[in-house]
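One structure is given below, encoded as structure tokens.
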Amino acid sequence: MLDLIFLSLHYILCFLISIAIWRGAKAVDSHSSSTGGAEMGPDGLVFIGKEEDIKKSQRITAKIDGREIVVFYHEGKFHALDSRCYRKIFACVILDIDGQACIVCPWHKFKITLETGEGLYEGINPLEPSPTPKWQSKGVKQRIHKITIDNGNVYASPPDLSVNFDSDYYAEKYKKGGELAIGK
């Protein structure tokens, strides 16, 4: 019974922290480059923000071609991913999982690597004499966006839509109907 209470308190605390982080994230609207509203950088990249501002805030949201992304500054590196996980709205904490920086969706507890967009899960091999859980990949689930730093400015590459990822479905659904479309 005590374990259940501690587990419940843990989930409530994680949820409250993720909401605080999500609501505190600085938003930038780099309007669709097809409308000419986005500030373009070198080689057709889309301006996201000033390097120092993002370093201070640790994360920022932006739109590229109507698609919402989130740019993280974590342990000296910039990472950019679609801001919708492959299930729902994405407010997250960053944890080290098996030596990899991962975001953890507060609703579904999906673990996604910042570096590659791979989904991780803990699995066992039942054929082992003493099966122990090991982190394994579900494959790339989340679209990542290449970040370029130029003269103190942070730019992101527009998405290459010739390859599909699970997060694309929710990014497009949100793009077409906003928050209301996600809940449908």
Open item on the list: Has Arg67 got a side-chain atom pairing as donor or acceptor with Pro158's backbone, closer than 3.5 angstrom?
Closed with: no
- [ ] Would you please classify the geometry between the Tyr73 ring and the Phe78 ring as parallel, tilted or perpendicular, with 30° and 60° separating the classes?
- [x] tilted
Mind checking the [atom1]-[atom2] spacing from [X] to [Y]? Nearest 0.5 Å is all I need.
X	Y	atom1	atom2	result
Ile103	His79	CD1	NE2	10.5 Å
Ile112	Gln142	CD1	CD	4.5 Å
Arg143	Ser83	CZ	OG	13.0 Å
Trp135	Lys111	CH2	NZ	5.0 Å
Lys146	Ser157	NZ	OG	5.5 Å
Ile144	Phe165	CD1	CZ	7.5 Å

Open item on the list: Using the side chain to side chain contact (heavy atoms under 4.5 Å, CB included) definition, which of the options Asp53, Asn153, Val71 pairs with Ile48?
Closed with: Val71
Open item on the list: Surrounding CG of Asn125 (heavy atoms of other residues, nucleotides or ligands, distance under 6.0 Å), is the total greater than 12?
Closed with: yes
Open item on the list: Taking NZ in Lys56 as the centre, count heavy atoms belonging to other residues, nucleotides or ligands within less than 6.0 Å. Is the count above 12?
Closed with: no
TODO: Tell me, with the steps shown, if Glu118 and Ser137 meet side-chain hydrogen bond (donor to acceptor under 3.5 Å, both in side chains).
DONE: CA-CA 6 Å; Glu118 283 181 278; Ser137 174; 2.5 Å; yes
Open item on the list: Assigning hydrophobic clusters by single linkage (Ile, Leu, Val, Met, Phe, Trp, Tyr; side-chain heavy-atom cutoff under 4.5 Å), is Tyr121 placed with Ile124?
Closed with: no
- [ ] Tell me whether Val163 is reachable from Leu161 by hopping between hydrophobic residues (I, L, V, M, F, W, Y) whose side-chain heavy atoms are closer than 4.5 Å.
- [x] no
Would you mind reporting whether [Y] and [X] have side-chain heavy atoms less than 4.5 Å apart?
X	Y	answer
Ile97	Thr113	no
Ile94	Glu75	no
Phe72	Leu81	yes
Ser167	Lys141	no
Glu115	Lys77	yes

Would you name the heavy atoms of [X] and [Y] that are closest together and state the gap between them?
X	Y	value
Leu120	Gln100	CD1-NE2, 4.0 Å
Val154	Glu51	CG2-CA, 3.6 Å
Ile147	Ala156	CD1-CB, 4.0 Å

Task: Salt bridge Lys134-Asp98, side-chain N to carboxylate O under 4.0 Å - done: no
